[in-house]
Protein chains: 2
Amino acid sequence: MSRASSKAYEAIRSRILTGEFAPGAHLKEEELAEVCGVSRTPIRDALRALSAEEYVRVVPNHGTYVSEWSDDDIKDIFTLRAILEGHAALLASGRAMPGHIEELSHLHRTMSTVLEKEDEPDRDVFVQSNRRFHEIITEAAGSRRLTQMIGRLVEQPLIARTAISYTRVDLQRSNHQHGELIAAFRARDGAWAQAVMKSHILAAYQAYKLRYKRSCNGNSSKAAE
Amino acid sequence: MSRASSKAYEAIRSRILTGEFAPGAHLKEEELAEVCGVSRTPIRDALRALSAEEYVRVVPNHGTYVSEWSDDDIKDIFTLRAILEGHAALLASGRAMPGHIEELSHLHRTMSTVLEKEDEPDRDVFVQSNRRFHEIITEAAGSRRLTQMIGRLVEQPLIARTAISYTRVDLQRSNHQHGELIAAFRARDGAWAQAVMKSHILAAYQAYKLRYKRSCNGNSSKAAE
DNA sequence: CACGCGTACTTTGTATACAATAAAAGTTCC
DNA sequence: GGAACTTTTATTGTATACAAAGTACGCGTG
């Protein structure tokens with residue numbers, strides 16, 4: 001995507017992430033064109049791209065609407081993340097270079113420092129480091145397609161905001177699991193790395209449910225795995 | 001997508017599938033517009049959609065090229081299918097309705113008949129039935145997102161043509177595994193269904209490698225799962 | 001008063017014209 | 001003769017104008 005298109009893409013995407021464009025909202029091309037300062041053509045490009053990434057839903061001849069997430073959708077996303085990132089960890093444990101493990105350790109130390117030093121942890125630094133931590137593992141797995149699939153799951157608004165609502169205990173648990181992941185990589189134990197990653201993500205789902213959902217009606221679809 | 005867009009989408013997609021647009025070919029918007037009988041605008045829409053599904057690769061300011069698949073890409077696709085369809089089988093075993101299992105049985109009988117009766121099996125019927133068989137399981141899993149992810153893997157040209165090159169023995173093995181899947185569903189044994197589905201797909205990969213690849217250099221990336 | 005039809009309006013879909021960009025070829029200077 | 005620079009050309013990116021479709025509202029009629 002070129003200048004105007006990606007400008008529109010970023011503008012719309014960030015407004016969805018901040019909630020300015022609420023779930024279910026009808027996005028009108030002309031309004032977006034005004035807001036972004038470009039014509040409708042690149043707006044349409046951007047909307048199609050956002051649709052492919054499930055940020056919005058395009059209904060032919062009606063318009064595009066900001067995606068809404070049901071509890072089941074959210075469960076699906078975490079479950080799929082657990083499966084795919086677990087697989088990525090398995091692959092990465094056999095392929096990770098010393099440099100990768102070094103960087104993971106560095107990020108782990110950074111996150112530990114954030115949690116130990118201050119009274120109120122700097123969530124931005126934690127979130128950024130955490131994101132990069134997972135990115136390194138995914139990339140180390142060495143599968144373009146896997147990277148892309150995971151990317152599409154992680155980019156979702158709700159995931160992006162998850163860590164904001166974590167309690168200190170949640171963050172410490174998460175950080176501990178990162179440490180265990182590094183240990184598994186050092187030992188080159190794929191099964192271990194996979195198991196840790198899976199539980200890491202499923203624990204995150206549990207934390208998310210407790211903090212975010214109003215009524216935890218939960219078992220609308222039968223559990224598994 | 002509306003009339004002109006989807007017309008263009010289908011026209012381009014089918015030409016990629018038949019090989020008329022070969023992997024690596026540079027697709028020029030104006031030429032496509034002529035071929036499809038529409039203007040460049042819906043062509044661009046179609047190309048963006050095809051790009052999201054990995055049929056083509058869009059390089060900004062350069063053009064769009066038909067995707068090329070390396071051996072590693074193909075390995076990734078089969079591996080991810082094994083993981084995701086395996087998971088779908090697990091979920092489906094807990095949710096499948098009698099009607100689902102009935103339809104699976106019917107398709108299984110159809111495929112058995114194709115293999116038993118004629119000297120040269122009717123591959124078209126087999127391929128179509130097989131496709132539907134997998135579709136039912138995926139849908140029975142009841143996860144929109146999972147369905148979509150699997151759909152994107154299966155739609156790929158190379159997968160679509162896989163069964164064409166199968167030997168009779170390959171087809172019989174495949175058919176036998178379908179029977180075992182049905183048994184697992186009847187028993188509502190998720191772990192069994194998952195294991196059968198995984199081996200079903202990995203066996204298909206093996207068959208594909210033997211029939212298609214010129215040099216089976218194979219172990220360029222370490223195996224897993 | 002209610003129901004159905006028609007018209008006007010809003011919004012998306014498509015075509016075309018123009019601008020920007022990158023590659024290729026030709027030319028000039030060393 | 002070679003290399004760098006300019007000019008040309010092929011192709012994509014963007015804007016705008018117009019067409020089609022779908023919705024809502026209002027009017028008329030039963």
Side-chain angles (χ1 to χ4, degrees), chain A residues 1-17 19-68 144 148 155 157, chain B residues 1-17 19-68 144 148:
Chain A
M1 279 192 287
S2 211
R3 225 179 80 250
S5 286
S6 52
K7 184 177 163 188
Y9 174 88
E10 285 303 332
I12 299 168
R13 180 170 169 277
S14 74
R15 279 174 175 78
I16 291 174
L17 286 172
E20 185 178 340
F21 293 161
H26 185 186
L27 300 180
K28 289 160 198 168
E29 297 180 354
E30 209 151 0
E31 288 178 16
L32 295 174
E34 267 187 299
V35 169
C36 301
V38 298
S39 86
R40 273 180 56 211
T41 311
I43 293 287
R44 285 173 67 84
D45 265 29
L47 288 176
R48 294 310 189 280
L50 290 164
S51 161
E53 292 167 9
E54 301 252 30
Y55 282 98
V56 301
R57 194 175 90 251
V58 175
V59 183
N61 284 317
H62 286 250
T64 79
Y65 302 84
V66 179
S67 293
E68 302 176 271
R144 231 187 68 253
Q148 184 196 314
E155 291 258 354
Chain B
M1 278 192 287
S2 211
R3 225 180 82 249
S5 285
S6 53
K7 184 177 164 189
Y9 174 89
E10 284 304 332
I12 298 168
R13 179 170 170 277
S14 74
R15 279 174 175 78
I16 291 174
L17 286 172
E20 187 177 340
F21 292 161
H26 184 187
L27 301 179
K28 287 160 200 170
E29 297 179 355
E30 210 152 357
E31 289 178 15
L32 296 173
E34 267 187 298
V35 169
C36 301
V38 298
S39 85
R40 273 180 56 210
T41 310
I43 293 288
R44 285 172 68 83
D45 265 29
L47 288 177
R48 295 308 190 279
L50 290 165
S51 160
E53 292 167 10
E54 301 252 32
Y55 282 98
V56 301
R57 194 175 89 251
V58 176
V59 183
N61 284 316
H62 285 251
T64 79
Y65 302 84
V66 179
S67 293
E68 301 175 271
R144 233 187 66 253
Q148 184 196 316

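Order of the sequence lines sets the chain letters (A, B, ...), proteins ahead of strands, with each chain counted from 1. Just so we're clear, the structure is a prediction, and the values are computed from it rather than from any experiment.
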Go through the steps for B/S51 and B/T64 under the test side chain to side chain contact (heavy atoms under 4.5 Å, CB included), then give the verdict. CA-CA 9 Å; B/S51 160; B/T64 79; over 6 Å; no

Under a 3.5 Å distance rule, please check whether B/S67 uses its side chain to pair with a backbone N or O of B/Y55 as donor and acceptor. yes

Residue-phosphate contact under 4.0 Å: B/H62 side-chain N/O, C/dA23 OP1/OP2: yes

How close or far is atom P of C/dT14 from atom OH of B/Y9, stated in whole angstroms? 16 Å

Separation of atom NZ in A/K28 from atom P in C/dC9, rounded to whole Å: 17 Å

Touch check for A/L47, heavy atoms < 4.0 angstrom, all strands: base, sugar-phosphate only, or nothing? nothing

Determine, stepwise, if the pair A/R44 / B/R44 fulfils side chain to side chain contact (heavy atoms under 4.5 Å, CB included). CA-CA 10 Å; A/R44 285 173 67 84; B/R44 285 172 68 83; over 6 Å; no

Can you tell me if the side-chain N/O atoms of A/T41 get under 4.0 Å from OP1 or OP2 in D/dT14? no

Not counting sequence neighbours, which residues clear side chain to side chain donor-acceptor pair (under 3.5 Å) with B/R48? List them please. A/D45

Whole-Å distance between D/dA15 P and A/D45 CG? 11 Å

Begin with the C-alpha distance, continue with both residues' side-chain angles, and end with the deciding distance and a verdict on side chain to side chain contact (heavy atoms under 4.5 Å, CB included) for A/H62 and A/Y65. CA-CA 9 Å; A/H62 286 250; A/Y65 302 84; 4.2 Å; yes

Between P of D/dT14 and NZ of A/K7, the distance in whole Å: 11 Å

Under 4.0 Å, counting only non-hydrogen atoms across every strand here, what does B/R3 touch: a base, just sugar-phosphate, or nothing? sugar-phosphate

Check whether any side-chain nitrogen or oxygen of A/R44 sits under 4.0 Å from OP1 or OP2 of C/dT11, and answer yes or no. no

Just to confirm, is there a sub-4.0 Å distance from OP1 or OP2 of C/dA23 to any side-chain nitrogen or oxygen of B/H26? no

Find the distance B/E29:CD to C/dA22:P and express it as a whole number of Å. 16 Å

5' priority, DNA chain D, between A/N61 and A/R40 [closest heavy atom]: A/R40

Among C/dT12, C/dT14, D/dT16, which nucleotide has an atom closest to any side-chain atom of A/S39? D/dT16

Given C/dG13, D/dA15, C/dA15, the nucleotide with the shortest approach to the side chain of A/P42: D/dA15

d(CD, A/E30; P, D/dA15) in whole Å: 13 Å

Whichever of A/P60 and A/S5 has its nearest DNA chain D nucleotide further upstream toward 5': A/S5

